[in-house]
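Worksheet: one structure, shown below.
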Amino acid sequence: MRLFKILLVFIFFLLFSYFYLFNGAPSADVIQLRFVRFLLALFAGFSLSINGAVLQTITQNPLAEPYLVGISGGALIGYLIGLGVSLQSPFSLSLPAFLFSLVGVFITYKVASVKGSTRTELLVLTGVFINIFASSIVFLVAYFLNLSLDRIIYLLFGSLNIVIGDKELLFFYISIGLGFILEASLILLSRELDLIALGDEEAHSTGVNPEMVKKTVFIISSITTAFLVSFTGIIGFVGLIIPHITRSIFGKKHLTYLPSLLLTGGLFLLASDFVAKSLFSFELPLGSITSLFGIPFFFYMIMKRRHESI
Amino acid sequence: MKVFEVEKLTFSIGRKKILDDVSFHVKKGEWLLIAGPNGAGKSTLIKIASGLWKKESGNIKIWGKELGEYSSKELARMMGILHSSFKPLYNISVLDFVRLGIYAKTGFLSFYSGRDKKDVELAIETTEIEPFLDKGILNLSQGELQRVRIAKVLAQNPRIIVFDEPLLHLDIKHKVWVLELLARLRASGKTVITVIHDFSMAFSYPDRFLLLKNGKITYTGDREKQDELVKAFEDTFEIRLTLKDDFLLPDKD
């Protein structure tokens with residue numbers, strides 16, 4: 001039964017990828033444009049989901065994800081500060097974004113952790129406030145730098161609609177490749193994460209240093225999220241929905257579950273992006289599509305947890 | 001041979017001293033029971049002595065070497081710890097759970113070897129958990145869960161066994177089962193350290209006692225001078241006690 005489900009996801013993924021790239025007999029140029037977007041969608045889906053998955057494990061909190069723990073918000077603040085000191089390319093903007101995403105996650109984690117595990121309400125609340133703070137800065141900066149409304153919407157709600165010049169193309173491929181490698185390196189921590197999911201005490205007594213694993217995870221997810229935010233803006237809730245669905249299909253062992261997020265996360269983002277760009281004659285912000293699925297799911301999770309804790 | 005040695009250990013949270021100048025040692029093959037009223041600092045002591053929390057001052061030595069000089073994996077190969085709280089995030093199967101116990105013995109990303117498999121099988125056999133290997137760890141009764149958690153510790157095959165309140169939430173059948181298991185483990189040469197609330201029942205098992213109150217040691221010694229020992233228990237817990245057939249019971253008269 002599980003094998004059948006896995007196969008089904010895989011077939012869907014292949015079909016959709018083919019459709020996404022080759023729909024409507026495109027010319028070679030169009031295929032190349034689409035391929036850049038396809039790679040970015042795949043990376044966004046994988047990155048957001050795997051970061052969500054590992055953050056859920058290390059915070060011992062099934063509601064954690066890059067958006068809700070303030071990593072994305074922090075990254076956006078850094079990005080805007082970068083714009084303020086007249087950095088232009090998304091590559092160079094990744095650096096301040098990374099630094100501030102670390103600040104964001106550090107604040108959230110410090111505020112929300114009580115005796116080793118994080119309090120759900122504190123985690124979500126702090127993350128949300130960091131995001132509101134980031135949005136306020138977006139509007140402030142928009143005034144001073146004369147950002148267009150489109151740009152503001154894309155920053156706050158995400159979009160894969162980016163233009164990469166021919167000169168930057170190679171650099172883009174290399175960066176995305178490195179991003180994939182960084183995310184995939186989290187899979188090497190599978191057994192440590194399996195143990196941390198049982199609690200810090202249990203992990204420590206079995207031979208894991210929880211603090212080391214947590215720091216590694218925070219840094220890797222901050223780097224990758226900062227890179228992603230610099231290219232796509234904030235895409236919320238993917239890191240919440242996809243890990244949950246994937247766990248129910250692929251099981252809870254990190255070694256099998258983390259790699260499969262490439263399929264499920266990739267598929268979800270490709271599908272959302274397809275809806276965003278082809279539902280109307282104009283393009284919708286991608287983050288509004290993912291949030292449309294994500295927020296009801298978020299409420300469902302909270303209700304479920306409430307029942308469980310009674 | 002001193003397996004475990006704690007010297008002048010101090011630890012505070014804020015301004016409150018949780019542990020105040022605590023010194024004791026455990027010899028090879030000994031069973032030490034740590035007892036004390038609620039808030040005495042027992043669990044804190046276990047958390048610091050096992051390296052989970054950082055000490056403030058003092059020394060902790062295992063086999064004569066400073067605790068800090070061991071890596072996390074080295075520690076786990078020597079010491080199997082059962083902490084009192086257990087809050088897993090996901091519901092994984094009992095078998096997967098017990099298998100995680102061999103983590104410290106394996107290298108980077110390497111999995112099962114023949115010897116590890118034997119350790120896991122032996123742990124499953126010793127704790128008699130075969131009937132529910134396929135169940136989820138969150139779907140077990142308290143007694144079953146405790147046996148499963150102990151199986152994971154035994155799969156580590158440690159020479160020192162540290163159990164923090166292993167009898168908590170258990171019915172009487174499982175309490176006796178845990179105590180008897182610990183007695184067998186000690187008989188096989190392991191060193192045992194336990195924090196046990198229900199000392200009435202456990203009184204006949206350990207070789208030595210360490211009584212704590214408000215972060216300070218009120219008594220440490222073996223059972224040779226029995227009157228003194230009972231007196232120390234009475235003072236520490238502020239209750240009158242009598243020793244009856246190896247059970248240390250509240251005195252109602």
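Values below: every heavy atom of this structure, side chains too, minus hydrogens, waters and symmetry copies. By convention in this document, chain letters (A, B, ...) are assigned in the order of the sequence lines, proteins followed by strands, and residues within each chain are numbered from 1.
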**Q.** Pairwise distance NZ(B/Lys73) to OG1(A/Thr206) - rounded to 0.5 angstrom
**A.** 11.5 Å
Q | side-chain contact (heavy atoms from CB on, under 4.5 Å) between A/Thr57 and B/Tyr90, worked out | A | CA-CA 9 Å; A/Thr57 300; B/Tyr90 310 126; 3.5 Å; yes
Q: Using a cut-off of under 4.5 Å on heavy-atom pairs, state which of B/Ser72, B/Pro88, B/Ala104 scores highest against chain A.
A: B/Ser72
**Q.** Side chain, backbone, both or neither of B/Leu82 within contact of chain A (heavy atoms, under 4.5 Å)
**A.** neither
Q | Minimum-distance pair of heavy atoms, taken over all atoms of B/Leu89 and A/Pro62 | A | CD1-CD, 3.8 Å
Q.
If you count heavy atoms of other groups shown closer than 6.0 angstrom to NZ of A/Lys253, is the number above 12?
A. no
Q) So with a 6.0 Å cut-off around CZ of A/Phe297, is the heavy-atom count from everything else above 12? A) yes
Q: Tell me, yes or no, whether the heavy-atom count around B/Lys27 atom NZ, taken from other residues, nucleotides or ligands under 6.0 Å, exceeds 12.
A: no
Q: List the steps, then state whether side-chain contact (heavy atoms from CB on, under 4.5 Å) holds for A/Leu198 with B/Ile137.
A: CA-CA 10 Å; A/Leu198 300 170; B/Ile137 50 170; 4.0 Å; yes
Q: Examine whether an atom of A/Glu211 lies under 4.5 Å from a heavy atom of chain B, and if so say whether it belongs to the side chain, the backbone or both; otherwise answer neither.
A: neither
**Q.** Heavy atoms of other groups near B/Lys105 NZ, more than 12 under 6.0 Å
**A.** yes
Q) Got more than 12 heavy atoms from elsewhere within 6.0 Å of CZ, A/Phe293? A) no
(Q) Are there over 12 heavy-atom neighbours, none belonging to A/Leu3, within less than 6.0 Å of that residue's CG? (A) no
Q. Quick check: are there more than 12 heavy atoms from other residues, nucleotides or ligands sitting under 6.0 Å from OH of A/Tyr173?
A. yes
(Q) Between B/Lys87 and A/Glu201, does any NZ, NE, NH1 or NH2 come within less than 4.0 Å of an OD or OE carboxylate oxygen? (A) no
Q | B/Leu75 CG to A/His204 NE2 distance, which is reported to the nearest 0.5 Å | A | 6.0 Å
Q.
If I measure from the heavy atoms of chain A, does B/Lys47 come under 4.5 Å with its side chain, its backbone, both, or neither?
A. side chain
Q: Check each atom of B/Arg149 against the heavy atoms of chain A and say whether the ones under 4.5 Å are side chain, backbone, both or neither.
A: side chain
Q) If you count the non-hydrogen atoms of other residues, nucleotides and ligands that lie under 6.0 Å from CZ in A/Phe13, is the total more than 12? A) yes
(Q) Can you tell me which portion of B/Ser85 sits under 4.5 Å from chain A's heavy atoms? Options are side chain, backbone, both or neither. (A) both
(Q) Using 0.5 Å steps for rounding, measure from the CG atom of B/Leu100 to the CG atom of A/Asp194. (A) 5.5 Å
Q) Out of curiosity, A/Ser205 OG to B/Met79 CE, how far, rounded to the nearest 0.5 Å? A) 9.5 Å
Q.
Rounded to the nearest 0.5 Å, what separates atom OG in B/Ser93 from atom NZ in A/Lys252?
A. 9.5 Å
